[in-house]
Amino acid sequence: MPFVLSPSRKIFGLVDCNNFFASCERVINPSLAGKPVVVLSNNDGCAVARSNEAKALGIKMGQPFFQWRHLLKEKGVIALSANFALYGDLSRRVMETLGRFSPDQEVYSIDEAFLGLETLGIKAFVEYGRDIRRTVLKDTGLPVSVGIASTKTLSKLANHTAKTHPEYQGVCSLLEEQNSQRVMQELPVSEVWGIGGQKARVLTARGIRTILDLRNADDRWIRKNMSVVTLRTVFELRGISCIGLEDIPAPRQTIGISRTFPRDIHSLEEIESIVCGFTSHAAQKMRAQGQITGFLQVFAGTSPFKPDYYANSGSVRFDPRTDYTPGLTSAVRQILGEIYQPGRGYKRAGVVLGDFSTRTETPLELFVDTQARERQEKLMAVVDQLNTKVAKGAVFFAGEYNR
DNA sequence: TCTGGGGTCCTAGGACCC
DNA sequence: TCTGGGGTCCTAGGACCC
């Protein structure tokens, strides 16, 4: 294999659905077009998606419902409970359509995908982006924006520009250096992919305010005072691609389920049954991936918005690893017994499974009773089959919370 | 009264060993 | 008035993303 000194230039297209959840609601209810639409989180707690009209009224991402509820009457805001099954379904259709535009596709989140565009012999990238927009809108009814650039970080920036500047008509390429400089000097560092509030504060204090400042920052200072991740971001802003396209999805390293409750929960028994229900679902997801777990963590806490906030967690390891739900839930009960404090009103709890390995690569037989193990596997297979093919939550173990 | 859920990755610091 | 030094492993917590 020849040594490649300077690999050929990469070209990334980032396709991102506009106001995804709100747009999905418009697909199934076209009368919502042009109206301020907000999609709410679990328990209708806060805003998780807003149409442009709702954004214009000042409703913020994550803002609690009670703070802007008055806008329903005053401005005709339409607030909808989230319908995640619908969003998942439409997401799959968008991704299928995008897959036709490049064989190299990374589904990055429910509403966005990176496409590798350097191998397709495309002459006019902006035209290609417009074709993507038209086709996704025709196939799914969803509006998307397209950003094109030589690194992932720059393609995020291009996408942001396409979304916020109507004159781009939803497609922006930063493949030309002049475009790139102009966009970067107009935006604060906090708009960069990978720079959150904390890092933005540190950078701004150092006088690095715009994205262009960050692009031109001193490498040694960044490495010393920030992290390797931030240095990689700086390189990406310079057009040096450091983050590749991951077109084969990696298996999950952790599977967690947690909820904020609609009311405070006081009794240990009630928390136990809820978290055991979460554990059962998490274990089912894990088994669907063909994995077994060596680590389980449980956490529970009161509302962080009230005085005397209390939160605690505990964990156990499994050696050998397991995927047997009753074994997992008995660990959950043990941990909850240790971290639970009577007299508190719990508002949130959850479970995380991790340290997985693939079922087939683990020599369980060395340590456990093989026959018992086979019986457990058969039981779990039957439970999972009933829950996926017959009805969700059709079968559950005693003590599990089941809706 | 009412404030989401599911992830990844990095780093600092302690325990332990030689 | 002084208390080694360095490597590795593990974990908790923080920062970030959508």
Side-chain angles (χ1 to χ4, degrees), chain A residues 14-22 38-50 59-70 72 79-84 87-88 91 106-114 152-153 156 159-160 163 189-203 222-233 242-243 246 249-264 278 281-282 285-286 289 294-295 297 299 301-306 309 311-317 345 347-356:
Chain A
L14 173 61
V15 185
D16 190 320
C17 300
N18 302 348
N19 316 325
F20 182 57
F21 297 168
V38 181
V39 175
L40 298 162
S41 67
N42 238 20
N43 309 325
D44 295 344
C46 62
V48 292
R50 306 148 297 150
I59 299 169
K60 304 291 179 212
M61 183 66 179
Q63 192 179 4
F65 190 19
F66 70 87
Q67 290 179 3
W68 50 269
R69 187 170 218 142
H70 60 98
L72 269 56
L80 302 166
S81 298
N83 179 353
F84 291 107
Y87 313 148
S91 173
E106 175 186 341
V107 177
Y108 179 69
S109 74
I110 193 166
D111 74 334
E112 63 190 298
F114 290 100
K152 278 185 163 180
T153 303
K156 293 286 281 191
N159 192 286
H160 177 269
K163 270 208 180 65
V189 279
S190 55
E191 292 293 338
V192 177
W193 188 44
I195 304 294
Q198 190 59 35
K199 286 182 177 178
R201 266 190 291 282
V202 175
L203 290 167
I222 296 287
R223 180 61 192 95
K224 185 156 177 286
N225 296 276
M226 308 297 284
S227 70
V228 289
V229 183
T230 310
L231 186 58
R232 201 177 60 184
T233 298
C242 306
I243 309 170
E246 290 168 31
R252 294 263 164 264
Q253 293 180 31
T254 59
I255 293 172
I257 296 183
S258 65
R259 288 290 179 278
T260 297
F261 310 133
R263 59 181 170 84
D264 284 2
F278 294 168
H281 287 140
K285 278 194 188 180
M286 173 181 72
Q289 292 191 164
F295 175 82
Q297 181 187 38
F299 58 91
T302 64
S303 169
F305 303 99
K306 286 183 181 170
Y309 172 60
N312 204 348
S313 69
S315 61
V316 291
R317 299 203 151 269
K347 187 66 177 166
R348 192 175 133 76
V351 65
V352 181
L353 304 179
D355 190 20
F356 298 129

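The basis for the numbers below is simple: all heavy atoms, side chains too, and nothing from hydrogens, waters or symmetry mates.
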Mind checking [X] for me? I need base, sugar-phosphate or nothing, with any heavy atom below 4.0 Å counting as a touch.
| X | result |
| --- | --- |
| A:G62 | nothing |
| A:I110 | nothing |
| A:F20 | nothing |
| A:V39 | nothing |
| A:K347 | sugar-phosphate |
| A:D44 | nothing |
| A:Q63 | nothing |
| A:R348 | sugar-phosphate |

Separation of atom [atom1] in [X] from atom [atom2] in [N], rounded to whole Å:
| X | N | atom1 | atom2 | answer |
| --- | --- | --- | --- | --- |
| A:F84 | C:dC18 | CZ | P | 16 Å |
| A:F299 | B:dG4 | CZ | P | 13 Å |
| A:Q297 | B:dG6 | CD | P | 14 Å |
| A:F278 | B:dG4 | CZ | P | 14 Å |
| A:F295 | C:dA12 | CZ | C1' | 10 Å |
| A:F305 | B:dC2 | CZ | P | 11 Å |
| A:F21 | C:dC18 | CZ | C1' | 9 Å |
| A:N42 | B:dG4 | CG | P | 9 Å |

Identify which nucleotide among [options] has an atom closest to any side-chain atom of [X], counting heavy atoms from C-beta outward.
| X | options | answer |
| --- | --- | --- |
| A:D111 | B:dT3, B:dC10, C:dC18 | C:dC18 |
| A:R317 | B:dG4, C:dC18, C:dT11 | C:dT11 |
| A:S227 | B:dG6, B:dC10, C:dC17 | B:dC10 |

Using every non-hydrogen atom in the two residues, find where [X] and [Y] come nearest and quote the distance to one decimal.
| X | Y | answer |
| --- | --- | --- |
| A:V192 | A:T233 | CG1-CG2, 3.6 Å |
| A:L203 | A:I222 | CD2-CD1, 4.1 Å |
| A:F295 | A:S315 | CE1-CB, 3.6 Å |
| A:S313 | A:F299 | CB-CB, 3.7 Å |

A:F84 and A:F21 aromatic ring geometry - parallel, tilted or perpendicular at 30°/60° bounds: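 Rings of A:F21 and A:F84: perpendicular, over 60°.
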
Mutual orientation of the aromatic rings belonging to A:W68 and A:F65 [parallel < 30°, tilted 30-60°, perpendicular > 60°]: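 Geometry flag for A:F65 against A:W68: tilted rings.
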
Derivation and outcome, side chain to side chain contact (heavy atoms under 4.5 Å, CB included), residues A:N159 and A:W193: CA-CA 11 Å; A:N159 192 286; A:W193 188 44; over 6 Å; no

Most 5' of A:R223 and A:F261 on DNA chain B, judged by nearest nucleotide: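 Looking at DNA chain B, the more 5' nearest nucleotide goes with A:F261.
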
First encountered from the 5' end of DNA chain B, between A:N43 and A:D264: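 So the residue in question is A:D264.
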
Watson-Crick or G-U counterpart of C:dC18, or none if no pair lies under 3.5 Å: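 Pair assignment: C:dC18 / B:dG5.
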
Phosphate oxygens OP1/OP2 of [N]: is one of them under 4.0 Å from a side-chain N or O of [X]?
| X | N | result |
| --- | --- | --- |
| A:S41 | B:dG5 | no |
| A:K199 | C:dG14 | no |
| A:K156 | C:dC17 | no |
| A:S258 | B:dG6 | yes |

Distance between C1' atoms of C:dG4 and B:dC17 (Å, rounded):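 My reading of the C1' atoms in C:dG4 and B:dC17 gives 14 Å.
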
Minimum side-chain heavy-atom gap A:Y87-A:V39 below 4.5 Å: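 Yes. Closest side-chain heavy atoms under 4.5 Å.
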
Side chain to side chain contact (heavy atoms under 4.5 Å, CB included) between A:N18 and A:K163, worked out: CA-CA 8 Å; A:N18 302 348; A:K163 270 208 180 65; 3.2 Å; yes

Enumerate the protein-to-nucleotides 7-9 of chain B contacts in which both atoms are nitrogen or oxygen and the separation is below 3.5 Å.
from	atom 1	to	atom 2	distance (Å)
B:dG7	OP2	A:G256	N	2.7
B:dG7	OP2	A:G256	O	3.3
B:dT8	OP1	A:Q253	N	2.9
B:dT8	OP2	A:T254	OG1	3.0
B:dC9	OP2	A:Q253	NE2	3.0

